[in-house]
Amino acid sequence: MAAAEHPPIWQRAERHLRVILVMVVVLISAGIVSMWSIEKSAEPLYKSVPDWSPLGYTYSLALFVFPLIALTVWFRTHHKNHAHHGKAFALTMGVFSVLWCGIDIFLANLFFRFPNPAAHIKPMFWGYEWGKGFTQSIPYEEFAFYFGAIAVILLLYLWSREEWYKRYSLPLEEYAQRARTTPPLVSLHWRSVFWGVATLVTVLLYKKLGPHPYHAGLPGYFLLLWAMAVIPTALLTRRISPFMNDRALLFTVMAVVLVSLLWEVTLALPNGWWNYRHEHMMGLFVKPWNGLPFEAVLLWPISAWANVLLFEMFHIYVYSERPFWELLFGRKTEA
């Protein structure tokens with residue numbers, strides 16, 4: 001009797017990613033139902049106490065500094081055995097650092113506010129304000145946060161992939177062989193396109209018709225996160241997902257969500273280190289968490305996913321021994 005055929009590796013990888021997505025949705029759904037009856041946010045202390053939480057935002061960066069030190073020590077001790085990791089790590093850090101710094105300078109004042117001036121270093125950095133031009137309005141801590149968060153996410157994925165979930169990673173020889181022979185990485189994933197468009201339409205309708213007072217304008221912060229999640233997923237996930245370690249990815253997502261619950265929900269919003277401009281959000285807020293916009297909940301898993309996807313793209317590139325453009329789109333055919 002012939003053995004049953006196994007589905008192609010990309011189908012198995014997609015199935016594993018769907019399991020991760022279902023687990024995240026289940027946890028979010030459970031959280032929504034458990035907090036459904038709470039109708040009012042608590043009054044933050046910084047509104048009634050002058051100079052509350054001096055340099056609180058600054059000191060809170062220890063949540064990234066300490067793990068970054070530990071993971072960097074691990075990375076340096078293993079770097080000689082995995083030199084290609086270092087190249088892919090550097091490329092991913094470069095792309096996301098430039099991207100997030102640009103977003104911070106040009107869009108932070110549109111989406112965020114920093115109501116407790118005692119919580120960060122002064123003077124502030126220059127950021128663009130619509131109608132005013134560039135003003136000193138962005139805390140330096142914002143840039144340290146983005147840089148540190150990107151590095152921690154990448155190193156956490158690498159560490160868990162190489163240490164805790166190594167048996168679920170492709171062996172280096174097989175990884176290199178697949179990288180050299182993989183078809184062009186850009187391959188449209190129509191299921192992601194469908195769900196991306198459906199999600200976008202749903203959110204736009206909720207912005208205009210939902211039970212909240214912020215119907216004017218567009219949900220700009222959600223649109224930014226949507227583009228970060230849907231566009232690379234639709235273009236790259238079909239080819240790159242077989243190279244991923246899905247257990248390490250799930251571990252990374254859960255770890256950064258846990259940090260966000262401590263950092264943003266428990267510390268930042270109640271102490272006024274930063275907050276959100278609700279008129280530029282979709283209109284869905286978590287009242288027990290000081291009115292945290294739902295977009296902020298999505299930021300962390302989306303960031304982890306985008307970082308890991310881009311890292312694996314560059315990791316395939318350094319192993320593929322092909323020009324980057326050719327790896328993405330294939331060879332140009334002669335006319």
Side-chain angles (χ1 to χ4, degrees), residues 44-47 50-65 68 92-154 214 217-229 256 259-260 262-282 285 289-300 302-304 306-307:
L45 283 172
Y46 72 88
K47 291 185 176 181
D51 298 323
W52 179 260
S53 180
L55 295 182
Y57 192 176
T58 311
Y59 289 120
S60 75
L61 295 175
L63 287 168
F64 296 99
V65 172
L68 186 56
T92 309
M93 283 294 302
V95 170
F96 271 113
S97 296
V98 171
L99 176 64
W100 277 114
C101 284
I103 289 172
D104 223 21
I105 291 172
F106 291 101
L107 295 177
N109 284 313
L110 189 66
F111 300 144
F112 308 116
R113 54 191 179 90
F114 305 95
N116 184 356
H120 51 75
I121 296 171
K122 290 180 258 187
M124 303 168 83
F125 191 75
W126 297 90
Y128 187 79
E129 286 193 70
W130 299 94
K132 296 182 180 180
F134 285 95
T135 61
Q136 288 184 281
S137 51
I138 308 297
Y140 285 94
E141 290 84 349
E142 282 282 290
F143 300 97
F145 150 60
Y146 285 121
F147 182 85
I150 296 166
V152 168
I153 287 172
L154 291 175
Y214 305 106
L218 293 171
Y221 193 35
F222 171 81
L223 294 178
L224 175 65
L225 297 178
W226 181 90
M228 184 184 298
V256 297
V259 170
S260 77
L262 172 61
W263 192 46
E264 187 160 28
V265 175
T266 307
L267 297 173
L269 264 64
N271 293 298
W273 299 348
W274 69 84
N275 211 310
Y276 297 84
R277 299 192 183 278
H278 289 186
E279 64 271 21
H280 295 292
M281 305 295 139
M282 71 172 75
F285 306 99
W289 292 346
N290 295 94
L292 182 75
F294 191 68
E295 290 91 329
V297 179
L298 299 176
L299 169 66
W300 294 86
I302 287 175
S303 295
N307 274 272

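Since we're looking at a predicted model, the values are computed, not measured.
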Nearest heavy-atom approach of A304 to I153 is CA-CG2, 3.9 Å

Ring pair (Phe, Tyr, Trp, His ring centres under 6.0 Å) partners of Y59, counting only residues at least two apart: none

Which value, rounded to the nearest 0.5 Å, describes the distance between F106 atom CZ and Y128 atom OH? 9.0 Å

Fit a plane to each ring of W300 and F64, take the angle between them on a 0 to 90° scale, and name the class: parallel (under 30°), tilted (30 to 60°) or perpendicular (over 60°). parallel

So CD1 of I302 and CD of E295: to nearest 0.5 Å the spacing works out to 9.5 Å

Can you list the residues that meet the side-chain hydrogen bond (donor to acceptor under 3.5 Å, both in side chains) rule with E264, with sequence neighbours excluded? W274, Y276

Considering non-hydrogen atoms only, spot the tightest contact between L269 and L292 and give its length. CD2-CD1, 3.8 Å

Taking all non-hydrogen atoms of both residues, which atom of Q136 and which atom of P123 are closest, and how far apart? NE2-CB, 3.8 Å

Rounded to the nearest 0.5 Å, what separation is found between the CE atom of M124 and the CD atom of E141? 8.0 Å

Quick check: does any side chain N or O of R277 sit under 3.5 Å from a backbone N or O of N109, one acting as donor and the other as acceptor? yes

Ring centres under 6.0 angstrom apart (F112, Y221): yes

Considering residues at least two apart in sequence or located in another chain, which fulfil the side-chain hydrogen bond (donor to acceptor under 3.5 Å, both in side chains) criterion with W263? S60

Atom pair OG (S260) and CH2 (W289), whose distance is rounded to the nearest 0.5 Å: 7.5 Å

Working to the nearest 0.5 angstrom, can you tell me the gap between I103 CD1 and F111 CZ? 8.5 Å

Which heavy atom of F96 sits nearest a heavy atom of I150, and at what distance? CB-CD1, 3.5 Å

Rounded distance (nearest 0.5 Å) linking atom CG of N116 with atom CG of N275: 11.0 Å

Sequence neighbours excluded, every pair satisfying side-chain hydrogen bond (donor to acceptor under 3.5 Å, both in side chains) that has a member inside residues 96-105: none

Non-hydrogen atoms of N307 and L154 that approach each other most closely: O-CD2, 3.6 Å

Please tell me if the side chains of F143 and I105 come closer than 4.5 Å, counting only heavy atoms from C-beta onward. yes

Sorted by chain and residue number, the ring pair (Phe, Tyr, Trp, His ring centres under 6.0 Å) partners of F285 (sequence neighbours excluded) come out as Y214, H278

Suppose we screen for side-chain hydrogen bond (donor to acceptor under 3.5 Å, both in side chains). Which residues come up paired with S53, at least two apart in sequence or across chains? W273

Compare every heavy atom of S137 with every heavy atom of G127, then report the nearest pair and how far apart it is. O-OG, 3.8 Å

